[in-house]
2 protein chains.
Amino acid sequence: MAARDYGQFDGITRAVELVGERWALLIVRDLLVGPRRYGELAAGLPRIPTNILATRLKELQAAGVIRRAPRSRIIIYELTDYGRELEPVVLALGNWGFKTLGDPRDEQILTADAMAITLRGAFRPEVAASLPATSYGARFSSAGLLISVDGTSLSVKRGDGPADLAFAAGPGIHRLISGELGAHQALATGVVELLDGDRALLGRFAETFHVAA
Amino acid sequence: MAARDYGQFDGITRAVELVGERWALLIVRDLLVGPRRYGELAAGLPRIPTNILATRLKELQAAGVIRRAPRSRIIIYELTDYGRELEPVVLALGNWGFKTLGDPRDEQILTADAMAITLRGAFRPEVAASLPATSYGARFSSAGLLISVDGTSLSVKRGDGPADLAFAAGPGIHRLISGELGAHQALATGVVELLDGDRALLGRFAETFHVAA
DNA sequence: CGGGATCCCTTAGGATACTG
DNA sequence: CAGTATCCTAAGGGATCCCG
C-alpha cells in the first residue's frame with residue numbers, strides 16, 4: 001500500500017495511516033457503541049459500498065484496531081483495547097465537528113450509533129451530578145437508544161424499554177443539544193416528539209447533554 | 001463535492017468531511033506549530049503533490065479551519081480560532097499513533113514540525129513542575145527546534161539558538177520518548193547526538209517528554 | 001522565486017451484481 | 001447474511017510548466 005504511505009515517521013502520520021482512510025473513523029464510531037455484525041455496520045452506514053466496508057474491516061483488523069470474533073456461527077466485529085483508546089479522540093473530534101453542523105440536508109440521516117457517540121461527547125458529568133438519576137428512551141428512524149444517567153456516570157445503549165422520558169427525534173435534535181432551541185421549543189416545533197413520560201424531563205436532558213457552539 | 005459526502009448528520013461525520021481528506025490533518029499539524037508559507041508547507045510535506053496541497057489549502061479555507069493572510073507581499077497560511085481548537089484532538093491522535101510506531105523505514109522522515117507536535121503531546125507538566133526550568137535545542141535534518149520548559153509551561157518553536165542542551169536527532173528519537181531507550185543508551189547508540197551542553201540533561205528531557213506504550 | 005496551474009497516469013472509491 | 005467480483009468514475013500521485 002504505497003498510496004496510503006505519507007513517508008513520515010510520527011504519531012499523527014501513523015494515526016492517519018491507521019484510521020484516516022475514508023469511512024474508517026465512522027466504523028470506529030459505531031463500534032465504540034458496541035460490537036456489531038457486518039450487516040449492522042452496513043445498515044448504520046447506508047452509503048458505504050459493501051466492498052469498501054469489507055476492505056476497511058480487513059485494514060482495521062490488520063492495524064490492530066478491531067478484531068473479528070466468531071460468536072457461535074456469526075461473526076462479530078469489535079474494537080481491540082488499542083482501538084478503544086480512540087474513544088476520547090473520537091468524542092473530541094465529534095464535539096469539534098458538532099459545533100459547525102449547519103442545518104441537516106434532506107438526505108442526511110442521524111443513526112442511533114452516531115447519536116450515542118454524540119451524547120457521550122456532550123455529556124456533562126458536573127451538571128448531571130446534581131440532578132436526580134434519570135433514564136431516557138430515544139427513538140430514531142433506525143433504532144432506539146436507552147440512555148441512563150446516574151450521578152456522574154452515563155450509559156448509552158441500543159435498545160428499547162421503559163424510561164422516565166421517551167421521545168422520538170431526527171437530525172434536528174442537534175439544535176436542542178447546542179442550546180439553539182430550548183426544551184419546550186424543541187417540542188413545539190416538532191424537533192423532538194414526546195412519546196411517554198414527563199415532558200419537563202426534556203429540559204433536564206438538554207442540561208445534561210450540551211455542546212457549546 | 002458529492003464524493004466526500006457521507007450522507008450523515010453528526011459531529012464526527014462533519015469533522016471527517018472537514019479534515020478527513022488525505023494530507024489535511026498533516027497540514028493542520030504543521031500549522032499548529034506556527035503560520036507557514038506555501039513553500040514551507042510543501043517542504044515539510046515532501047511527498048505531497050503540489051496540486052493536492054493547493055486543493056487542500058482551499059478546502060480547509062472554505063471549511064473555516066485555516067486562513068490566507070497576506071503579509072506585505074507574501075502569503076501566509078494560519079489556523080483560524082476554529083482550526084486551533086483541533087489542537088487537543090491532534091495531540092491526542094498523535095499520542096495514540098505514537099504508541100504503535102514501529103521502527104522507522106529508510107524513506108520515513110521526521111520533520112521539525114512533526115517533532116514539535118510530538119513534544120507538545122508528550123509533555124508532562126506534572127513532571128516538569130518539579131524540575132528546574134530548562135531549554136533544549138534540537139536539530140533535525142530539516143530544521144531546528146527551540147524547546148523551553150519552565151514549570152508547567154512549554155514552548156516549542158522553530159529556530160536555532162543557545163540552549164542548556166543542544167542535540168541532533170532523527171526518527172529514532174521516538175525510542176527515547178517511549179522509554180524504550182534510556183538517555184545514555186540513546187547517546188551511546190547514536191540515536192541522539194550531543195551537540196552542546198550537559199549530557200545529563202538528556203535524562204531530564206526524557207522525563208519531561210514521555211508517551212507510554 | 002514563491003505560489004500555484006496543467007498534464008497524464010495510477011489507484012482508490014462508488015454502484016451494482018453475484019456467490020458460498 | 002456476509003461478504004466477492006466487476007465495472008466505471010473520480011481523486012490522488014508525479015512531473016512539468018506558468019505567471020506575477
Side-chain angles (χ1 to χ4, degrees), chain A residues 1-8 13 16-27 30-31 35-63 66-78 107-109 142-143, chain B residues 1-8 13 16-27 30-31 34-63 66-78 107-109 143:
Chain A
M1 307 228 166
R4 61 188 309 178
D5 188 22
Y6 292 87
Q8 305 207 358
T13 301
V16 302
E17 284 174 355
L18 295 183
V19 296
E21 295 296 303
R22 222 171 136 62
W23 294 105
L25 224 43
L26 300 189
I27 294 172
D30 288 2
L31 290 180
R36 294 282 180 268
R37 300 163 56 171
Y38 188 93
E40 293 174 320
L41 289 169
L45 271 6
R47 304 253 297 246
I48 195 176
T50 172
N51 55 342
I52 300 295
L53 177 56
T55 303
R56 288 291 168 276
L57 289 173
K58 278 179 208 146
E59 290 167 347
L60 289 171
Q61 197 187 345
I66 70 174
R67 168 196 311 135
R68 274 173 134 239
R71 296 265 209 280
S72 62
R73 295 230 38 189
I74 59 180
I75 290 167
I76 296 273
Y77 293 93
E78 60 189 11
E107 79 280 10
Q108 289 185 310
I109 61 171
S142 54
Chain B
M1 306 232 166
R4 61 188 310 178
D5 186 24
Y6 293 87
Q8 303 207 0
T13 301
V16 302
E17 283 173 356
L18 295 183
V19 295
E21 295 297 302
R22 222 170 137 63
W23 295 105
L25 224 42
L26 299 188
I27 294 171
D30 288 2
L31 290 180
R36 295 281 179 267
R37 301 162 54 169
Y38 187 94
E40 294 173 320
L41 288 169
L45 271 7
R47 303 255 298 246
I48 196 176
T50 170
N51 56 340
I52 299 295
L53 177 55
T55 303
R56 288 292 168 276
L57 289 173
K58 278 179 207 146
E59 290 168 347
L60 289 171
Q61 197 188 344
I66 69 173
R67 167 194 315 134
R68 269 172 137 242
R71 297 264 208 279
S72 62
R73 295 231 34 188
I74 60 182
I75 290 166
I76 296 273
Y77 294 93
E78 61 189 10
E107 78 280 9
Q108 289 185 310
I109 62 170

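Values reported hereafter were calculated over all heavy atoms of this structure, with side chains retained and with hydrogens, waters and symmetry mates removed. Every chain is numbered from 1 and lettered A, B, ... according to where its sequence line falls, protein lines coming before strand lines. Computed from a predicted model, the values in this text were never measured in an experiment.
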Give a yes/no answer on whether the side chain of [X] brings an N or O atom under 4.0 Å of OP1 or OP2 in [N].
{"X": "B:K58", "N": "C:dG3", "value": "no"}
{"X": "A:R68", "N": "D:dG3", "value": "yes"}
{"X": "B:R73", "N": "C:dG3", "value": "no"}
{"X": "A:W23", "N": "C:dA12", "value": "no"}
{"X": "B:R56", "N": "D:dG12", "value": "yes"}
{"X": "A:Y77", "N": "D:dG3", "value": "yes"}
{"X": "A:R37", "N": "D:dA2", "value": "yes"}

Given [options], which nucleotide is nearest the side-chain atoms of [X]?
{"X": "A:I74", "options": "C:dG3, D:dA11, D:dA2", "value": "D:dA2"}
{"X": "A:Y38", "options": "C:dG13, D:dG14, D:dT4", "value": "D:dT4"}
{"X": "A:E21", "options": "D:dG12, C:dG14, C:dG13", "value": "C:dG13"}

Can you tell me how far [atom2] of [N] sits from [atom1] of [X], to the nearest Å?
{"X": "B:I27", "N": "C:dG4", "atom1": "CD1", "atom2": "C1'", "result": "14 Å"}
{"X": "A:I52", "N": "C:dT16", "atom1": "CD1", "atom2": "P", "result": "14 Å"}
{"X": "A:R36", "N": "D:dG3", "atom1": "CZ", "atom2": "P", "result": "16 Å"}
{"X": "B:N51", "N": "D:dG12", "atom1": "CG", "atom2": "P", "result": "9 Å"}
{"X": "A:L41", "N": "D:dC1", "atom1": "CG", "atom2": "C1'", "result": "13 Å"}
{"X": "B:L57", "N": "C:dG2", "atom1": "CG", "atom2": "P", "result": "16 Å"}
{"X": "B:I48", "N": "D:dA11", "atom1": "CD1", "atom2": "C1'", "result": "13 Å"}
{"X": "A:R47", "N": "C:dG14", "atom1": "CZ", "atom2": "P", "result": "9 Å"}

With side chains defined as the heavy atoms from C-beta onward, is the minimum distance between [X] and [Y] less than 4.5 Å?
{"X": "A:L31", "Y": "A:L60", "answer": "no"}
{"X": "A:Q8", "Y": "B:P46", "answer": "yes"}
{"X": "A:Q61", "Y": "A:L57", "answer": "no"}

Open item on the list: Within the 4.0 Å heavy-atom criterion, would you say B:L53 contacts the bases, only the backbone, or no part of the nucleic acid?
Closed with: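 No contact.
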
Open item on the list: Under the criterion salt bridge (Lys or Arg N to Asp or Glu O under 4.0 Å), I'd like the reasoning laid out for A:R47 against A:E107: C-alpha separation, chi angles, the key distance, then a yes or no.
Closed with: CA-CA 11 Å; A:R47 304 253 297 246; A:E107 79 280 10; 5.3 Å; no

- [ ] Kindly express the pairing pattern of DNA chain C in dot-bracket notation, using | wherever a base pairs with another strand and counting only Watson-Crick or G-U pairs under 3.5 Å.
- [x] |||||||||||||||||||.

Open item on the list: Using 0.5 Å steps for rounding, measure from the CD1 atom of B:I66 to the CZ atom of B:R36.
Closed with: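 Answer rounded to 0.5 Å: 13.0 Å.
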
TODO: Could you check whether the rings of A:Y77 and A:Y38 sit parallel, tilted or perpendicular, using 30° and 60° as the cut-offs?
DONE: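 Correct class here is tilted.
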
TODO: Verify side-chain contact (heavy atoms from CB on, under 4.5 Å) between B:R68 and B:E78, making sure each step is shown before the conclusion.
DONE: CA-CA 7 Å; B:R68 269 172 137 242; B:E78 61 189 10; over 6 Å; no

Task: Step-by-step side-chain contact (heavy atoms from CB on, under 4.5 Å) determination, A:L53 to A:I27 - done: CA-CA 9 Å; A:L53 177 56; A:I27 294 172; 3.8 Å; yes

